[in-house]
Amino acid sequence: MRVTLLQTDIQWAQAQENIREAERMIAENLGSDLYVLPEMWSTGFATEPHHIAHEENGNSALAWMQDAAQRYHCAICGSVAVHLSDCTYRNRHYFVDGRAGKIYHYDKHHLFSYGHEDQYFTPGNDHLIVDYEGWRLLILTCYDLRFPCWSRYATGREYDAIILVANWPDSRQEAWQVLTQARAIENQSYLIGVNRVGDDAKCHYIGGSVAVDVTGHVFARCGCQKEALTVALNKGELAFRRSIFRVLDDRD
């Protein structure tokens with residue numbers, strides 16, 4: 001499976017500009033099965049989402065994801081700040097499958113209390129594993145990375161790759177590097193981690209989006225600038241590594 005990591009420089013609360021940039025980056029990197037955008041890719045990390053979050057009805061970010069996924073015959077994922085009809089706000093990670101015409105979503109479970117995300121957003125309580133092109137993809141968002149029990153490979157929660165989107169600042173970049181590798185190692189899975197670059201009112205971001213294999217080896221990494229990086233995930237290699245070193249068989 002070909003996956004393109006879209007490491008964007010998100011313009012604060014400028015949804016249409018961010019949509020245009022995402023469209024441009026996909027159009028210049030055609031041919032992938034899946035395109036992965038960062039956390040809150042259309043607005044920036046809006047911990048106070050009033051007048052910034054997309055409304056559930058009339059969500060321009062989701063509408064574009066649906067349209068682009070159909071036009072480019074691919075899947076697109078990334079999280080969006082959404083104001084629901086029940087008056088709650090969700091950090092909602094959409095996975096839009098343009099080939100099957102399906103939309104999945106995962107509401108971020110671990111809200112970033114240090115940044116007061118929990119004061120305005122409602123957490124989700126359900127895992128999401130998407131079946132796409134023969135791959136089982138665990139969908140996670142940013143702070144979830146720090147909680148290994150939440151991403152644990154288990155009976156009834158088997159997967160082949162973790163798709164993680166983030167707004168992870170440069171002040172904690174070393175943790176990003178270590179934890180993305182750790183989650184891949186302990187679950188013997190691929191991990192695709194897509195971060196952003198640029199600045200918002202509170203943080204500076206230097207990207208470092210990664211593709212990690214089942215051994216924890218980072219086989220592709222973005223730099224510190226806006227970048228699209230395409231990688232190939234190998235199902236045969238995944239099965240081989242799991243068969244010769246059977247860590248998953250020894251889990252509780």
Side-chain angles (χ1 to χ4, degrees), residues 1-10 15-43 54 59-82 91-108 128-142 159-167 180 184 189-197 207 209-213 219-222 226-238:
M1 180 170 66
R2 285 171 57 86
V3 182
T4 297
L5 292 66
L6 299 173
Q7 181 170 278
T8 62
D9 182 355
I10 303 169
Q16 292 308 308
E17 185 173 346
N18 293 317
I19 288 170
R20 284 192 293 271
E21 183 62 13
E23 173 79 34
R24 183 192 66 77
M25 293 178 76
I26 292 176
E28 292 180 355
N29 295 274
L30 296 176
S32 285
D33 301 294
L34 171 62
Y35 295 86
V36 186
L37 288 155
E39 179 183 24
M40 293 197 194
W41 64 269
S42 62
T43 60
H54 295 271
N59 186 333
S60 60
L62 177 59
W64 170 80
M65 293 173 79
Q66 290 179 267
D67 177 66
Q70 291 174 353
R71 284 187 286 112
Y72 294 118
H73 193 59
C74 65
I76 301 173
C77 70
S79 96
V80 176
V82 181
N91 186 343
R92 180 158 286 184
H93 187 160
Y94 288 107
F95 188 102
V96 180
D97 180 351
R99 295 174 178 175
K102 294 182 179 180
I103 301 172
Y104 307 88
H105 73 260
Y106 162 73
D107 291 335
K108 185 179 181 181
L128 175 64
I129 297 173
V130 174
D131 290 314
Y132 178 67
E133 296 298 310
W135 288 80
R136 300 167 298 179
L137 307 175
L138 176 68
I139 306 301
L140 297 178
T141 304
C142 203
Y159 58 86
D160 306 308
I162 297 170
I163 307 297
L164 170 75
V165 303
N167 268 217
T180 49
S189 73
Y190 282 103
L191 183 143
I192 301 295
V194 178
N195 195 19
R196 65 160 295 182
V197 296
S209 300
V210 290
V212 188
D213 72 14
F219 64 94
R221 186 192 301 275
C222 293
K226 181 172 59 180
E227 182 178 352
L229 176 65
T230 299
V231 300
L233 307 189
N234 188 315
K235 194 71 173 292
E237 177 69 14
L238 173 72

From Ile163, Leu34, Val165, Leu164, residue fulfilling side-chain contact (heavy atoms from CB on, under 4.5 Å) relative to Ile192: Ile163
Please round to the nearest 0.5 Å and tell me the distance separating atom CD1 of Ile162 and atom CZ of Arg136. 12.5 Å
Take Met40 and Ile10 through the side chain to side chain contact (heavy atoms under 4.5 Å, CB included) test and state the conclusion after the steps. CA-CA 9 Å; Met40 293 197 194; Ile10 303 169; 5.8 Å; no
Hey, could you give me the CG/CG distance between Leu137 and Asp160, rounded to the nearest 0.5 Å? 7.5 Å
If the condition is ring pair (Phe, Tyr, Trp, His ring centres under 6.0 Å), which residues does Tyr159 pass it with, not counting sequence neighbours? Tyr153
May I ask you to test the Val3-Leu233 pair for a side-chain heavy-atom distance under 4.5 Å? yes
Apply side chain to side chain donor-acceptor pair (under 3.5 Å) to Glu21 and list each qualifying residue two or more places apart in sequence or on a separate chain. Arg24, Lys226
According to side chain to side chain donor-acceptor pair (under 3.5 Å), who are the partners of Glu39, at least two apart in sequence or on a separate chain? Asn91, Lys108
Taking the side chain as every heavy atom from C-beta outward, state whether Leu128 and Tyr104 have any pair of such atoms under 4.5 Å apart. yes
Considering residues at least two apart in sequence or located in another chain, which fulfil the side-chain contact (heavy atoms from CB on, under 4.5 Å) criterion with Ala232? none
Does Asn167 have any side chain to side chain donor-acceptor pair (under 3.5 Å) partners at least two apart in sequence or in another chain, and if so, which? none
Is there a donor-acceptor contact under 3.5 Å from the side chain of His93 to the main chain of Cys77? no
Evaluate the side chain to side chain contact (heavy atoms under 4.5 Å, CB included) criterion for residues Arg99 and Asp33: first the C-alpha distance (whole Å), next the side-chain angles of each, then the deciding distance (0.1 Å), finally the verdict. CA-CA 9 Å; Arg99 295 174 178 175; Asp33 301 294; 2.9 Å; yes
Which residues pass the salt bridge (charged side-chain N to carboxylate O under 4.0 Å, His left out) test with Arg2, not counting sequence neighbours? none
Sequence neighbours excluded, the answer for salt bridge (charged side-chain N to carboxylate O under 4.0 Å, His left out) partners of Glu237 is Arg241
Assess the pair Tyr35 and Tyr72: is the distance between their ring centroids shorter than 6.0 Å? no
Within 6.0 Å of NZ in Lys235, more than 12 heavy atoms from elsewhere: yes
Test of understanding: with side chain to side chain donor-acceptor pair (under 3.5 Å), list the residues that count as partners of Arg71, not counting sequence neighbours. Glu23, Asp67
Side-chain contact, heavy-atom cut-off 4.5 Å: Asn18 with Thr43? no
Of all the heavy-atom pairs spanning Tyr132 and Cys74, show the shortest one and how long it is. OH-C, 3.7 Å
Looking only at heavy atoms, the pair that brings Asn29 and Ala228 closest together is ND2-CB, 3.4 Å
Are Phe219 and Val212 side-chain neighbours, meaning at least one heavy-atom pair lies under 4.5 Å? no
Nearest heavy-atom pair of Leu5 and Val210: which atoms, and what distance? CD2-O, 3.5 Å
Side chains of Ile19 and Ser60 in contact at under 4.5 Å (non-hydrogen atoms): yes
Where do Ser189 and Leu238 come nearest, in terms of heavy atoms and distance? CA-CD1, 4.3 Å
Please identify each residue that fulfils side-chain contact (heavy atoms from CB on, under 4.5 Å) with Ala166, with sequence neighbours left out. Cys142, Trp168, Trp176, Asn195
Holding to side-chain contact (heavy atoms from CB on, under 4.5 Å), I want the full list of residues that pass it with Ala61, two or more places apart in sequence or in another chain. Trp41, Ser42, His54, Asn59, Val80
Given side chains that start at C-beta, do those of Leu37 and Ile76 come closer than 4.5 Å, heavy atoms only? yes
Which residues satisfy the side-chain contact (heavy atoms from CB on, under 4.5 Å) test with His105, sequence neighbours excluded? Arg92, Tyr94, Asp107
Considering non-hydrogen atoms only, spot the tightest contact between Tyr190 and Asp213 and give its length. CD2-CA, 3.8 Å
Answer whether the closest heavy-atom distance between the side chains of Leu229 and Gln7 falls below 4.5 Å. no
Between Glu227 and Cys222, is there a donor-acceptor pair closer than 3.5 Å when you use the side chain of the first and the backbone of the second? no
Salt bridge (charged side-chain N to carboxylate O under 4.0 Å, His left out) with Asp9: which residues, sequence neighbours excluded? Arg196
Does some side-chain heavy atom of Arg221 sit less than 4.5 Å from a side-chain heavy atom of Thr180? no
